[in-house]
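Inspection log for the structure reproduced underneath, given as structure tokens.
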Protein chains: 2
Amino acid sequence: MSATKPYHHGELRPALIEAASAIIRDSGIDGLSMRRLADSVGVSRMAPYHHFKDKNALLCAIAEIGFEAQDRMIRDVLERSDGEDGKALFTGWVRTYIRFAQDNPETYDLMYGKEIWKRGDPTPSLQQKSKASFRLWVDLVERMQARQVLPGEHSALRTAQASWAAMHGLARLLIDGIYAQRQDLEEIADTVVNLITRSNGD
Amino acid sequence: MSATKPYHHGELRPALIEAASAIIRDSGIDGLSMRRLADSVGVSRMAPYHHFKDKNALLCAIAEIGFEAQDRMIRDVLERSDGEDGKALFTGWVRTYIRFAQDNPETYDLMYGKEIWKRGDPTPSLQQKSKASFRLWVDLVERMQARQVLPGEHSALRTAQASWAAMHGLARLLIDGIYAQRQDLEEIADTVVNLITRSNGD
DNA sequence: GCCGTAACTTGACGGTGTAAAGATCGGGCG
DNA sequence: CGCCCGATCTTTACACCGTCAAGTTACGGC
């Protein structure tokens, strides 16, 4: 009876994440419903609940993967640009960050949006992963302060929070549909970098 | 028959906006449903649809009022601080902006969130009002550039977009529940201002 | 071979936005 | 004054949603 679909799916959990990601990618977060997801992997409505406590847990899992992908992208930039000067490195990071948000708007929304952080409640493992991701940013900011690309008058933490907020605001412009011109957005991103960094960076 | 409630409400539209604002204020945007709203003003579920095309239209109307309130707050700051130097003026504006977001998080979310701008579609009159509001910011930025509080190397528009994005990102931190410490947030806000403004402003 | 348990299904409940059609009333005109 | 039109409001219905509770199936270890 291999022709008819088996009672046990076998690989349901990864299949769910895969399918959910696909739905989110091209129908948005609002387009993802547990029922539609279940249908799309050919399983009953409640089956997903044996692998995820509720919808929030599923979203957290997807957001986690998002953080992993983003971290990977950013680590790549750091490794690739070894001999560059400070400001170029900083600019590269910001551009990469914005590009990630542009290319995966729905994932970014999940990672940093209120669906999880305010309305839902973030999984401990998601919290940890997001904290680690921010830690990367703080480290960069520290290095930029040492190289005098960023001013050192405030603590690295505060400077990191402030500059990250600026970057995040930029990403939000796109994601919330407030400002959609992709071309302009890159120019605005560069403007943000120029506003924040000291003109005489190392 | 004045004891029993009349068939025609008479002042339903303003009553709806009032009630909806109240619900949003203390139950969040997600807490507002057309049915609950209708119940709360003692009217049938479909009655609101005679005054607002759909839920989106109602939300736009409330967002508009939000813009009016925000504009009023900010104009107040401008008028009140006449003799101040440039940077103090700029700081005052940013603090006021952030405070508005802190005090009316749900309204702010409605005004600048994706509920209206991406998922829904903004009313023409809302678009106009939000554009006018941003225009205020561009004007301030122009004056700050003239006074050398902000650098003049980029156009006023780009500089306004970039700096507004920074401010908006800050507001978002709070609204999305990513960073909730109100005290810290004000410090971060000041850090943003210091990062953006030139140290030797007029 | 049996049986516990994990995986999955079915049905139901209360919630949502809103389309369609019916009921009621106030105001302007004959 | 009487009538009727149009604005206002109500009722009913539909297709969704998340998920609780209870039932069904199949696999792994004894």
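This is a predicted model, so every value here is computed, not measured. Below, each value reflects all heavy atoms present in this structure, side chains not excepted, and no hydrogens, waters or symmetry copies. In what follows, every chain begins at residue 1, and chains take the letters A, B, ... in the order their sequences are listed.
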Next item on the list: Nearest whole angstrom, please: distance from the C1' of D/dG18 to the CG of A/Leu16.
Entry: 15 Å
Checklist line | Closest to side chain of B/Ala47, choosing from D/dT10, C/dC8, C/dT18 | finding: D/dT10
Next item on the list: Send over the distance from B/Arg119 CZ to C/dG17 P, rounded to a whole Å.
Entry: 10 Å
Next item on the list: Round to the nearest Å and state the distance from B/Ile29 atom CD1 to C/dT16 atom C1'.
Entry: 16 Å
Note to self: Can you identify which nucleotide, out of C/dG11, D/dA13, C/dA20, has its nearest atom closest to the B/Met46 side chain?
What the structure shows: C/dA20
Next item on the list: For A/Ser27 and A/Arg36, test the side chains for any donor-to-acceptor distance below 3.5 angstrom and give the result as yes or no.
Entry: yes
Next item on the list: Looking only at side-chain atoms of A/His50, point me to the closest of C/dT10, C/dC8, D/dG18.
Entry: C/dC8
Check: Rounded to the Å, how far apart are B/Leu37 CG and C/dG17 C1'?
Finding: 13 Å
Note to self: Tell me which residues in residues 51-60 of chain B lie within less than 4.0 Å of DNA chain C, going by non-hydrogen atoms.
What the structure shows: B/Asp54, B/Lys55
Checklist line | Distance (rounded to the nearest 0.5 Å) between B/Trp164 CH2 and B/Ser133 OG | finding: 9.0 Å
Check: Between B/Asp109 and B/Arg172, is there a salt bridge with N-O shorter than 4.0 Å?
Finding: yes
Checklist line | Interatomic distance, B/Tyr49 OH vs D/dT12 P [rounded to whole Å] | finding: 18 Å
Note to self: Go nucleotide by nucleotide along DNA chain D from the 5' end; which of B/Arg35 and A/Leu32 gets its closest nucleotide reached first?
What the structure shows: B/Arg35
Item checked: Carboxylate-amine/guanidinium proximity below 4.0 Å for B/Asp139 and B/Arg135 -> yes
Check: A/Thr191 and B/Gln161: side chain to side chain donor-acceptor pair (under 3.5 Å), yes or no, with the steps?
Finding: CA-CA 9 Å; A/Thr191 308; B/Gln161 287 170 324; over 6 Å; no
Next item on the list: Name the closest nucleotide to the B/Ser44 side chain, picking from C/dC8, D/dT11, D/dT19.
Entry: D/dT11
Margin query: Taking the basic N atoms (NZ, or NE/NH1/NH2) and the acidic carboxylate oxygens, is any pair closer than 4.0 Å for A/Glu187 and B/Arg158?
Written below: yes
Checklist line | Side-chain donor-acceptor pair present, B/Asp184, B/Tyr179, cut-off under 3.5 Å | finding: yes
Note to self: Just the rounded figure in Å: distance from C1' of C/dT9 to CG of A/Asp39.
What the structure shows: 13 Å
Next item on the list: Report the distance from atom CZ of A/Arg45 to atom P of C/dC8, rounded to the nearest whole Å.
Entry: 16 Å
Check: Just how far, in rounded Å, is P of D/dC9 from CZ of B/Arg13?
Finding: 13 Å
